[in-house]
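Model, not experiment: these values are computed from the prediction.
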Amino acid sequence: MKYWYYFLILLFHTPFALYAQNVYPHISELNGMEDYNGITNLLYRISSSQVDSFNSNYSNDIYLLNTVNHIDSLFQIDGSYYNIYLEGGWRIVNSFDFWEKNPRKFIVCGSSGGVDGSAFVERFDGISGLFQFWTNDGDFIRISHQNDSLVYCTIDSRFLFKSTTGGASWDTAGYLNAFSLSPFNDQVLFSTENGILNKTTDGGLNKQV
């Protein structure tokens with residue numbers, strides 16, 4: 001997703017960026033979860049963009065809708081902005097998960113920055129973590145169903161990180177582009193590398209096709 005933001009920034013450095021172009025708000029993604037009360041919550045994105053000769057703004061914010069009490073709220077800000085004189089920045093949310101099936105107890109990962117950026121992880125209580133300067137994007141994050149202090153996060157589609165403190169601190173776990181964590185065994189993850197589907201049964205230390 002971040003490459004779309006880079007494209008918008010580059011657009012202003014080309015001669016043909018002398019016109020206005022708007023994409024009106026529309027739903028771009030829909031997910032759902034059943035919370036601890038058995039209530040269905042819908043998580044959806046509203047995407048829109050505005051581009052003119054001097055500014056570029058792109059929004060893909062995530063909203064949370066409780067289907068019983070019909071309360072609709074902003075869950076996560078996702079978007080970018082750019083001005084040819086003031087420059088700009090972005091914040092992308094790529095993945096999220098919840099503790100205790102509670103929409104208010106979340107952890108998210110993605111990337112943020114201005115000219116340069118880095119991967120981030122943020123919790124509902126304000127605890128956040130920034131990875132090494134050479135990282136670009138947080139792609140996937142999941143909480144163990146067996147131990148809610150154990151959290152996995154994939155960085156830059158190639159590095160698997162592990163936290164045993166609920167996301168407060170992180171250690172490398174392996175070279176693994178994980179995209180799925182087993183709900184029955186928190187040592188089992190699935191990943192894709194070079195078009196091959198792999199599986200690890202030891203938390204990322206080893207993998208097999």
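Proximity of Ile107 to Trp99: side-chain heavy atoms (C-beta onward) are separated by under 4.5 Å at one or more points. The shortest side-chain heavy-atom distance between Asn136 and Ser111 does not fall under the 4.5 Å cut-off. Residues Phe96 and Leu43 are in side-chain contact: their nearest non-hydrogen atoms beyond the backbone lie under 4.5 Å apart. Between Trp170 and Val151, the closest side-chain pair of non-hydrogen atoms falls below 4.5 Å. Between Phe98 and Ile143, the closest side-chain pair of non-hydrogen atoms is not below 4.5 Å. Looking at Tyr175 and Arg158, their side chains come closer than 4.5 Å, going by heavy atoms from C-beta outward.
Nearest heavy atoms, Arg45 versus Asp78: NH1-OD2, 3.1 Å. Of all heavy-atom pairs spanning Gly138 and Ala119, the tightest one is N-CB, 3.6 Å. The shortest heavy-atom contact between Thr200 and Leu205 is OG1-N, 4.1 Å. The two residues Ala173 and Gly203 have their closest heavy-atom pair at CB-O, 3.8 Å. Closest approach of Tyr85 and Asn83 over heavy atoms only: N-OD1, 2.7 Å. Here the closest non-hydrogen pair linking Pro103 and Asp35 is CD-CB, 4.0 Å.
For the ring-ring contact (aromatic ring centres under 6.0 Å, His included) test, no residue two or more places apart in sequence or in another chain qualifies with Phe140. Applying the salt bridge (charged side-chain N to carboxylate O under 4.0 Å, His left out) test to Asp125 and every residue at least two apart in sequence or in another chain returns Arg123. Every residue was checked against the side-chain hydrogen bond (donor to acceptor under 3.5 Å, both in side chains) condition with Asn185, not counting sequence neighbours, and none meets it.
Placement of Ile62 and Ile27 in two distinct hydrophobic clusters is found when ILVMFWY residues are connected by side-chain heavy-atom separations under 4.5 Å, directly or transitively. Under the 4.5 Å side-chain heavy-atom criterion for grouping Ile, Leu, Val, Met, Phe, Trp and Tyr, Val23 is not connected to Tyr81 through any hydrophobic cluster. No continuous path of ILVMFWY side-chain contacts below 4.5 Å connects Leu189 to Leu197, so the two sit in separate hydrophobic clusters. Ile46 and Leu42 fall within a single hydrophobic cluster, where Ile, Leu, Val, Met, Phe, Trp and Tyr are joined by side-chain heavy atoms under 4.5 Å apart, directly or via other members. When hydrophobic clusters are built by joining Ile, Leu, Val, Met, Phe, Trp and Tyr residues whose side-chain heavy atoms come closer than 4.5 Å, directly or via intermediates, Leu30 is grouped together with Leu74.
Note that OH of Tyr82 and OG of Ser80 are 11.5 Å apart. Values are rounded to the nearest 0.5 Å. For the atom pair SG of Cys153 and CD1 of Ile141, the computed distance is 4.5 Å after rounding to the nearest 0.5 Å. Of the inter-residue distances, the one linking Phe190 atom CZ with Ser180 atom OG reads 6.5 Å to the nearest 0.5 angstrom. Atoms CG and CG, on Asp52 and Asn57 in that order, are 8.0 Å from each other to the nearest 0.5 Å. Once rounded to the nearest 0.5 Å, the distance linking CG of Asp97 with CE of Met33 reads 8.5 Å. Summarising the geometry, atom OH belonging to Tyr44 is positioned 11.0 Å from atom OG belonging to Ser28; distances are rounded to the nearest 0.5 Å.
Put simply, the side chain of Asn102 gets close to the backbone of Arg104: a donor and an acceptor are under 3.5 Å apart. Between the side chain of Asp156 and the main chain of Asp137, a donor-acceptor pair closer than 3.5 Å is present. Judged purely by atom type and a 3.5 angstrom limit, Asn41 uses its side chain to pair as donor or acceptor with the backbone of Ile39. Between the side chain of Asn66 and the main chain of Ile71, no donor-acceptor pair closer than 3.5 Å is present. Judged by distance alone, with hydrogens and angles left aside, the side-chain atoms of Thr67 form a donor-acceptor pair with the main-chain N or O of Thr40 at under 3.5 Å.
Ring orientation note: the planes of Phe106 and Phe75 are nearly perpendicular, at an angle over 60° on the 30°/60° scale.
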Residues Gln50, Asn22; criterion side-chain contact (heavy atoms from CB on, under 4.5 Å); working and verdict:
CA-CA 4 Å; Gln50 294 180 321; Asn22 298 322; 3.5 Å; yes
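Annotation: Ile77, atom CD1; neighbour count of heavy atoms from other residues, nucleotides and ligands within 6.0 Å does not exceed 12.
Annotation: side chain to side chain donor-acceptor pair (under 3.5 Å) contacts involving residues 146-155, sequence neighbours excluded, are absent. Here salt bridge (charged side-chain N to carboxylate O under 4.0 Å, His left out) pairs that include residues 198-209, with residues two or more places apart or in two chains, are Glu193-Lys207.
Between the side chains of Arg142 and Ser95, a donor-acceptor pair is found at a separation under 3.5 Å. Gln208 and Asn206 are not linked by any side-chain donor-acceptor pair at a separation below 3.5 angstrom, with hydrogens and angles left out of the test.
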Output side-chain donor-acceptor pairs under 3.5 Å for residues 159-166, partner residues at least two apart or in another chain, one line each.
| residue | atom | partner | partner atom | Å |
| --- | --- | --- | --- | --- |
| Ser163 | OG | Thr165 | N | 3.2 |
| Ser163 | OG | Thr165 | OG1 | 3.3 |
| Ser163 | OG | Gly167 | N | 2.8 |
| Ser163 | OG | Ser169 | O | 2.8 |
| Thr165 | OG1 | Ala168 | N | 3.4 |
| Thr165 | OG1 | Ser169 | N | 3.0 |
| Thr165 | OG1 | Ser169 | OG | 3.0 |

